J.: 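Quick one: structure below, then a few questions.
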There are 2 protein chains.
Amino acid sequence: MARKTKEDAERTYHQLLDAATRLFIRQGVAKTTLSEIAKEAQMTRGAIYWHFDNKDAVIMALWNRNANRLQQAFNEMLSEIAPPTPAENFRVAIKRMVLSVVQDPELGQIMRIVMHNMEFTDEQTELQSFLMNKKEEFYSTMENAFVALDGMGVLRTNLPPEKLASSLMSYIHGLIHSSLSPGMRNIDLQKDGEILLDLFLDALLVEYDRSAE
Amino acid sequence: MARKTKEDAERTYHQLLDAATRLFIRQGVAKTTLSEIAKEAQMTRGAIYWHFDNKDAVIMALWNRNANRLQQAFNEMLSEIAPPTPAENFRVAIKRMVLSVVQDPELGQIMRIVMHNMEFTDEQTELQSFLMNKKEEFYSTMENAFVALDGMGVLRTNLPPEKLASSLMSYIHGLIHSSLSPGMRNIDLQKDGEILLDLFLDALLVEYDRSAE
DNA sequence: TATTATACATACATGTACGTATGTAAATAG
DNA sequence: CTATTTACATACGTACATGTATGTATAATA
């Protein structure tokens with residue numbers, strides 16, 4: 001078989017990831033074999049083992065390709081918590097990021113794979129600790145956000161920022177988990193995301209920013 | 001090998017479920033083989049295939065053994081939403097049920113398996129639709145609860161009960177998911193469950209029940 | 001232009017996991 | 001007390017899935 005050019009190789013790299021995504025969502029990660037991924041991408045297993053070490057590495061590559069921009073946006077949120085309307089800015093940033101999971105199809109797919117098609121066990125795999133680190137980043141960023149909000153006096157509760165971060169992250173996790181879930185009776189974040197987020201954020205943040213007075 | 005008495009058989013049934021639980025949590029459902037379960041329970045695969053059709057049937061049996069009591073308690077909650085303090089009763093019932101997941105080890109284990117060690121894909125398996133039905137029960141019960149609370153005039157929002165149910169279920173799901181998660185930085189529901197639940201319930205329910213005035 | 005590294009395809013070896021079929025000793029039914 | 005069913009253990013066949021080793025035509029390189 002003919003050797004491909006560098007751009008061709010990158011194209012097959014993405015085709016493999018796309019094929020993997022489709023199969024993971026359709027039939028699950030555990031039940032998807034590397035042969036199936038290769039066949040779905042019109043290749044052989046040789047291509048997969050050239051680009052990735054194993055199935056877990058495929059998932060990590062998927063995260064790096066599609067979810068890193070969410071992580072970056074999440075980090076940049078911190079700088080937006082500033083006068084004159086820190087609470088409102090935080091509110092907008094949170095909504096924007098939660099909705100991006102629904103509006104960005106590729107991002108939504110990885111989030112769905114990570115939330116619905118992965119096992120988290122006591123025996124830590126490399127993939128698991130990879131994802132745990134990402135989660136840790138999210139949590140510490142969120143905690144820092146609450147520290148900043150507290151410093152600006154726009155919090156309605158006196159709970160420690162760590163617990164506020166946990167609770168909001170739990171709520172967001174639940175919302176996204178539901179909206180990306182297969183089957184019926186799921187949340188439509190596109191329609192109701194703003195209302196549902198406001199419902200909880202109203203309990204955390206002051207109605208009007210002090211700095212805006 | 002000697003045939004066991006009826007009580008002996010039931011004992012091995014439970015031993016198999018216990019062994020499966022341990023292995024599922026330790027190394028995951030997909031990576032746990034039926035031979036391993038049998039070995040962990042000091043039996044052979046013959047015992048498993050006698051009591052269960054396959055691995056998925058083991059999980060369903062686990063649910064029926066340990067999670068049905070939660071489902072029942074959840075249904076009975078509806079009757080507790082009554083004057084003179086419907087909102088307070090609802091609050092107490094929700095807390096009781098969420099905390100039971102932490103306090104009842106066997107219940108917590110199945111919830112953890114279902115939340116962290118199961119795949120939910122587009123191709124519906126029997127196990128998946130089994131669990132979807134259970135979820136549907138929870139959701140409709142919760143929705144009925146909000147209809148009742150609304151009828152008693154103790155809701156602070158005018159959002160439809162369906163959305164209120166979705167949002168509270170999302171939050172609860174997120175809390176339990178975090179508290180049952182392996183690794184660090186998880187919520188300790190035993191310690192903070194009440195506070196964290198109140199944080200959200202305060203946004204939904206009136207401060208003091210009208211009927212109590 | 002000769003060489004080398006690349007981007008895969010193909011071939012091979014191994015190890016399991018599953019479902020089923022069959023064996024069997026004792027409990028239970030009649 | 002005999003016959004039958006129960007509650008498993010054992011044996012069997014099959015099907016893959018994985019990882020690696022090797023082959024190879026062609027870009028890239030010098």
Side-chain angles (χ1 to χ4, degrees), chain A residues 1-20 22-24 26-62 65 117-119 121 123 125-128, chain B residues 1-20 22-24 26-61 65 113 117-119 121 123 125-128:
Chain A
M1 274 275 132
R3 179 189 170 194
K4 312 290 184 60
T5 178
K6 240 180 170 129
E7 296 102 33
D8 279 338
E10 201 182 329
R11 217 166 289 144
T12 75
Y13 173 85
H14 288 291
Q15 284 170 7
L16 289 172
L17 288 182
D18 294 339
R22 285 194 297 274
L23 293 178
F24 287 165
R26 188 183 311 156
Q27 57 188 26
V29 169
K31 285 179 185 164
T32 295
T33 153
L34 295 181
S35 315
E36 288 174 312
I37 296 176
K39 191 179 176 185
E40 172 85 10
Q42 322 229 48
M43 311 251 164
T44 70
R45 260 170 58 246
I48 296 187
Y49 277 106
W50 174 256
H51 287 283
F52 313 99
D53 281 346
N54 49 40
K55 205 202 285 181
D56 281 3
V58 173
I59 300 180
M60 289 191 258
L62 275 173
R65 186 180 71 158
N117 305 307
M118 271 221 31
E119 291 202 58
T121 68
E123 284 178 3
T125 67
E126 189 190 343
L127 169 58
Q128 210 175 312
Chain B
M1 275 275 133
R3 178 189 169 192
K4 311 290 183 61
T5 178
K6 242 180 170 130
E7 295 103 33
D8 280 336
E10 200 182 331
R11 218 167 288 144
T12 74
Y13 173 86
H14 289 291
Q15 285 170 5
L16 288 172
L17 288 183
D18 293 339
R22 286 194 296 273
L23 293 179
F24 287 164
R26 188 183 311 153
Q27 57 188 27
V29 169
K31 284 179 186 163
T32 295
T33 151
L34 295 181
S35 315
E36 288 175 311
I37 296 175
K39 191 179 178 186
E40 172 86 10
Q42 323 228 50
M43 312 251 164
T44 70
R45 260 171 57 247
I48 295 188
Y49 277 106
W50 174 255
H51 287 284
F52 312 99
D53 281 346
N54 47 42
K55 206 200 283 181
D56 281 2
V58 173
I59 299 181
M60 290 192 257
R65 186 179 71 159
I113 290 171
N117 305 306
M118 270 223 29
E119 291 203 59
T121 67
E123 283 178 2
T125 66
E126 189 189 344
L127 169 58
Q128 211 175 312

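Just so it is clear, the model here is predicted, and its values are computed rather than measured. Excluded from the calculations below are hydrogen atoms, water molecules and symmetry mates; all remaining heavy atoms, backbone and side chain alike, are included. Per chain, numbering begins at 1; letters A, B, ... match sequence-line order.
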J.: Starting from the first five and the last five pairs of the helix from dT1(C)-dA30(D) to dG30(C)-dC1(D), work out the angle between the resulting helix axes, to 10 degrees.
T.: 20°

J.: Is the shortest side-chain N/O distance from T5(A) to OP1 or OP2 of dA28(D) below 4.0 Å?
T.: yes

J.: Tell me: CD of Q15(B) to C1' of dA7(D), nearest whole Å?
T.: 13 Å

J.: Would you kindly give the CD-to-C1' distance between E7(B) and dT28(C), to the nearest whole Å?
T.: 13 Å

J.: Return the CE to CD1 distance between M43(A) and I37(A), rounded to the nearest 0.5 Å.
T.: 13.0 Å

J.: Once you round it to whole Å, what is the distance between P of dA7(C) and CD1 of I48(A)?
T.: 16 Å

J.: Given dA27(D), dC8(C), dC8(D), which nucleotide is nearest the side-chain atoms of T12(B)?
T.: dC8(D)

J.: Looking at every non-hydrogen atom in both residues, tell me the closest pair between K31(A) and E119(B) and how far apart they are.
T.: N-OE2, 4.3 Å

J.: Which whole-number value in Å describes the distance from W50(A) CH2 to dT26(D) C1'?
T.: 13 Å

J.: Quick one: D8(A) CG to dC8(C) P, roughly how many Å, whole number?
T.: 8 Å

J.: dC8(C) P sits how many Å from H14(A) NE2, rounded?
T.: 12 Å

J.: Identify the two heavy atoms, one from I48(B) and one from L34(B), that lie closest to each other, and give their separation to 0.1 Å.
T.: CD1-O, 3.1 Å

J.: Could you go through E126(B) and D56(B), starting from their C-alpha distance and side-chain angles, then the distance that decides it, and tell me whether this counts as side chain to side chain contact (heavy atoms under 4.5 Å, CB included)?
T.: CA-CA 8 Å; E126(B) 189 189 344; D56(B) 281 2; 6.0 Å; no

J.: Rounded to whole angstroms, how far apart are CZ on R11(B) and C1' on dC8(D)?
T.: 15 Å

J.: Calculate the interatomic distance between K6(A) atom NZ and dT26(D) atom C1'; express it in whole Å.
T.: 14 Å

J.: Hey, are Q27(A) and T121(B) close enough side-chain-wise for a donor-acceptor pair under 3.5 Å?
T.: no

J.: Starting at the 5' end of nucleotides 17-22 of chain C, put B wherever the base has a protein heavy atom under 4.0 Å, S where only the sugar-phosphate does, and a dash everywhere else.
T.: SBBB--

J.: Determine whether E40(A) and R26(A) make a side-chain contact, defined as any pair of heavy atoms from C-beta on separated by less than 4.5 Å.
T.: yes

J.: Locate the shortest heavy-atom distance separating Q15(B) from A41(B); write the atom from each residue and the value.
T.: O-CB, 3.9 Å

J.: Counting only side-chain N and O atoms of H51(B), is one of them less than 4.0 Å from OP1 or OP2 of dC8(D)?
T.: yes

J.: Where do V29(A) and I59(A) come nearest, in terms of heavy atoms and distance?
T.: CG1-CD1, 4.0 Å

J.: From N117(A) CG over to M118(B) CE, what is the distance, rounded to the nearest 0.5 angstrom?
T.: 10.0 Å

